[in-house]
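Before any comments, here is the structure.
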Amino acid sequence: MPSNRPVRVRFAPSPTGDLHVGNIRTALFDWAYARHTGGKFIFRIEDTDRERVTDEYIQAAIDTLKWLGLTWDEGPEVGGPNGPYLQSQRLDIYAKWAAKFLADGFAYHCYCSSEELEAVREAQRKANVAPGYNGHCRELSADQIAAYVAEGRKPVVRMRMPDGSTTFTDLIRGEVTFDHNFVPDFVLVRADGSPLYTLAVAVDDVMMQVTHVLRGEDLLSSTPRQIRVYQAMGVKEDEYPLFAHLPFVMGQDNAKLSKRNGEVSIAWYRERGFLPEAICNYLALLGWSPGEDREDVTMEELTQLFTVERVHSSPARFDMKKLEAINGDKIRALTPESFLEKSLPFLTDAKVISGSADEIDLLKKALPIIQERVATLAEIPAMLKFLFVAHFEVEADSLPKVNDPESKKLLSVAFDRLQNVSEWSHDGIEAVLRTALIEEMGLKPRIAFSAVRIAVTGSHISPPLFESMELLGREKSLARIQALI
RNA sequence: GGCCCCGUCGUCUAGCGGCCUAGGACUCUGGCUUCUCAAGUCAGCUACGAGGGUUCGAAUCCCUUCGGGGCUACCA
């Protein structure tokens with residue numbers, strides 16, 4: 001079966017919504033496999049269902065893949081020798097093959113109406129037999145056809161499944177066999193002439209010389225149908241693509257991940273401040289592992305380590321906590337320049353800064369003290385807000401903690417002594433406050449500094465206090481303390 | 001219902017007949033560190049779905065069973 005053709009892997013989503021976690025995990029494995037083998041990664045849009053696929057979703061899918069860094073060798077925007085890569089632009093190709101299948105007897109026109117088919121299914125269900133097309137139109141006479149046409153019926157093109165069975169070797173699950181008794185004749189072309197997935201996917205994989213199909217396991221049972229199309233196209237068995245059906249990514253409730261059971265759109269994660277490399281690293285661990293207790297991998301390492309052999313056959317639950325942990329690790333691993341660049345949009349969107357040069361200067365100094373304190377980029381604005389706000393206010397739930405007489409006394413001592421600090425640096429500030437509050441007043445550090453922290457940053461949770469005061473500056477720091485005395 | 005896939009800590013996983021009184025990570029609990037929060041660090045909790053085989057020996061092989069999931073469209 002596997003000839004030594006150059007590896008060509010495709011990711012072929014049907015963008016009926018934003019790409020979600022499951023799609024992306026598939027795309028990631030497709031990409032990693034292509035890169036690992038030195039093969040080509042093909043990106044194809046399956047938009048044969050124009051009722052549900054929109055141009056916006058197609059563009060969103062393209063943008064998402066780009067954002068994640070899953071670059072493709074052939075597909076939308078980059079083109080390639082096997083295009084076009086949008087199925088809606090390949091209609092003539094499918095029509096040609098459908099006509100050939102009809103002429104060769106692999107397929108036939110079926111005039112059954114939806115209502116009739118539904119009635120058949122209903123009867124089958126009642127009789128407790130395998131549901132599926134009953135072959136009603138398989139051998140229609142010329143007269144019968146003429147009668148149907150006279151009625152104004154428009155036929156679909158249906159593939160004839162021969163008796164027997166289909167066996168193929170799934171790279172992840174091993175040998176899988178489907179008895180054709182349970183693979184009914186399936187529709188290739190709608191009554192309106194438009195192709196269905198069953199036709200387009202097989203034709204395109206052959207035309208685009210795809211060698212490996214790694215896709216979700218929901219498509220496992222449709223594989224015999226694809227193989228039947230290959231046969232009708234005259235593809236030799238050793239040139240069929242190899243299949244690998246990836247396990248599902250599931251939500252908390254053990255159902256296939258979908259909009260109903262969690263936030264699954266990648267766009268949502270992007271807005272929440274997740275890094276693409278964190279998403280990819282985490283997703284790579286869902287259904288695959290590099291072994292040797294290894295978990296932290298870069299995109300580059302992923303392409304080196306990824307093999308289909310190490311992909312699981314069992315489904316995985318999506319765990320937001322673990323994603324956050326990995327995201328925190330990846331944020332800490334960012335260079336200062338890169339951390340700044342990635343933080344900027346979150347700060348400006350939150351209107352914490354407008355983006356002026358002065359603000360950026362201050363930001364460059366502030367970012368290092370919070371880099372190890374955030375799990376997502378979205379947490380940054382709240383953490384640095386105190387440095388930039390025009391009208392400073394202490395948070396409501398922290399205010400009571402500085403309103404008692406002891407706190408006011410403490411703050412007043414701090415205020416007095418801080419005025420005499422010669423050099424407004426975190427070392428200088430710390431030395432003065434320790435002497436005044438800890439040594440002379442005998443306070444516990446956590447008590448003493450808490451009041452100052454609330455006064456200066458507005459919250460009992462903040463970046464390191466002395467660094468924060470240094471960045472805020474003497475004037476503002478003192479004013480904020482004084483305001484609470 | 002039928003067909004197909006799947007089954008190790010709460011979760012993701014390592015494990016491919018002896019190295020397993022089952023390892024790592026996340027979560028959770030407790031300790032250390034500490035100006036808060038993090039980070040770091042130490043410790044703890046907790047798993048081979050069940051029942052039969054095969055074998056000197058099974059998480060690893062076989063069977064049954066139970067459980068979960070997918071498909072069963074003129075969706076993909």
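Note that the structure is a prediction, hence the values are computed from the model and not measured. Every chain is numbered from 1 and lettered A, B, ... according to where its sequence line falls, protein lines coming before strand lines. When reading the values below, keep in mind they use all heavy atoms of this one structure, side chains included, and skip hydrogens, waters and symmetry mates.
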Sugar-phosphate only, base, or nothing, as touched by A:Ser462 at under 4.0 Å among non-hydrogen atoms: base
Distance, rounded to the nearest Å, where A:His426 contributes NE2 and B:U36 contributes P: 16 Å
CZ-OG distance between A:Phe466 and A:Ser425, expressed to the nearest 0.5 angstrom: 11.5 Å
Nearest-Å distance once atom P is located in both B:U64 and B:U21: 30 Å
Closest to the A:Arg373 side chain, choosing from B:C4, B:C26, B:U36: B:U36
Nearest listed nucleotide, side chain of A:Arg310, among B:C74, B:A14, B:U13: B:A14
A:Asn281 side chain to A:Glu295 backbone, donor-acceptor under 3.5 Å: yes
Sugar-phosphate, base or nothing in reach of A:Thr457, heavy atoms under 4.0 Å: nothing
Euclidean distance, A:Leu399 CG relative to A:Leu484 CG, rounded to 0.5 Å: 7.0 Å
Closest nucleotide among B:C3, B:C35, B:C74 to the A:Arg190 side chain: B:C74
Sugar-phosphate, base or nothing in reach of A:Pro184, heavy atoms under 4.0 Å: nothing
Side chain to side chain contact (heavy atoms under 4.5 Å, CB included) assessment of A:Leu199 paired with A:Phe101: CA-CA 11 Å; A:Leu199 205 217; A:Phe101 296 164; 3.9 Å; yes
Face-on cation placement of A:Arg480 at A:Phe392 ring, 6.0 Å and 45° thresholds: yes
Touch class at under 4.0 angstrom, heavy-atom based, for A:Phe178 against every strand present: sugar-phosphate
Any-strand Watson-Crick or G-U partner of B:C3, both distances under 3.5 Å: B:G70
Sugar-phosphate only, base, or nothing, as touched by A:Leu465 at under 4.0 Å among non-hydrogen atoms: base
Watson-Crick or G-U counterpart of B:G51, or none if no pair lies under 3.5 Å: B:C63
Short side-chain N/O contact from A:Arg121 to OP1 or OP2 of B:U72, under 4.0 Å: no
Residue A:Arg225, side-chain heavy atoms: nucleotide from B:C75, B:U11, B:A76 that is nearest: B:A76
Donor-acceptor pair present, A:Arg453 side chain and B:C35 base, under 3.5 Å: yes
Sugar-phosphate, base or nothing in reach of A:His245, heavy atoms under 4.0 Å: nothing
Sugar-phosphate only, base, or nothing, as touched by A:Arg294 at under 4.0 Å among non-hydrogen atoms: nothing
Among B:C5, B:G70, B:C35, the one nearest A:Phe248 by side-chain distance: B:G70
For atom CD1 of A:Ile326 and atom P of B:U13, their distance in whole Å: 12 Å
Sugar-phosphate only, base, or nothing, as touched by A:Pro13 at under 4.0 Å among non-hydrogen atoms: nothing
Selected nucleotide, minimal atom distance to A:Ala325 side chain, candidates B:G15, B:A39, B:U27: B:U27
A:Tyr282 side-chain N/O to A:Asp319 backbone N/O, donor-acceptor pair under 3.5 Å: yes
Nearest-Å distance once atom P is located in both B:U65 and B:C26: 41 Å
Rounded distance (Å) that lies between atom C1' of B:C4 and atom CG of A:Asn181: 15 Å
Proximity to the side chain of A:Leu219 - top-ranked nucleotide from B:C35, B:A76, B:U13: B:A76
Interatomic distance, A:Leu323 CG vs B:U13 P [rounded to whole Å]: 14 Å
Under 3.5 Å donor-acceptor pair, A:Glu292 side-chain atoms to B:G24 base atoms: no
Complement of B:C16, any strand, by Watson-Crick or G-U distances under 3.5 angstrom: none
Base-pairing mate for B:G40 - Watson-Crick or G-U, with both contacts under 3.5 Å: B:C32
Nearest-angstrom distance from the residue atom OH of A:Tyr133 to C1' of B:C71: 21 Å
Proximity to the side chain of A:His312 - top-ranked nucleotide from B:U13, B:A76, B:C75: B:U13
Nearest-nucleotide pick for A:Ser289, side chain only, options being B:A14, B:C75, B:G7: B:A14
Sugar-phosphate, base or nothing in reach of A:Ala316, heavy atoms under 4.0 Å: sugar-phosphate
Distance in angstrom units between A:Leu199 CG and B:A76 P, rounded: 11 Å
Aromatic ring pairing A:Phe243/A:Tyr230, orientation class (parallel under 30°, perpendicular over 60°, tilted between): parallel
Separation of the C1' atoms in B:G52 and B:C66, to the nearest angstrom: 14 Å
C1' spacing across the pair B:A14 / B:U60, given as an integer number of angstrom: 13 Å
C1' gap between B:G31 and B:G68, integer Å: 40 Å
A:Trp288 and A:Phe29 aromatic ring geometry - parallel, tilted or perpendicular at 30°/60° bounds: perpendicular
Sugar-phosphate only, base, or nothing, as touched by A:Gly328 at under 4.0 Å among non-hydrogen atoms: nothing
Touch class at under 4.0 angstrom, heavy-atom based, for A:Val156 against every strand present: base
Sugar-phosphate, base or nothing in reach of A:Arg125, heavy atoms under 4.0 Å: nothing
Nearest-nucleotide pick for A:Glu295, side chain only, options being B:G24, B:C35, B:C74: B:G24
Short side-chain N/O contact to B:C5 OP1/OP2 from A:Ser221, under 4.0 Å: no
C1'-based separation of B:U13 from B:C4 [nearest Å]: 25 Å
A:Ala431 backbone acceptor or donor facing A:Thr435 side chain under 3.5 Å: yes
Rounded distance in Å between the P positions of B:U46 and B:G24: 14 Å
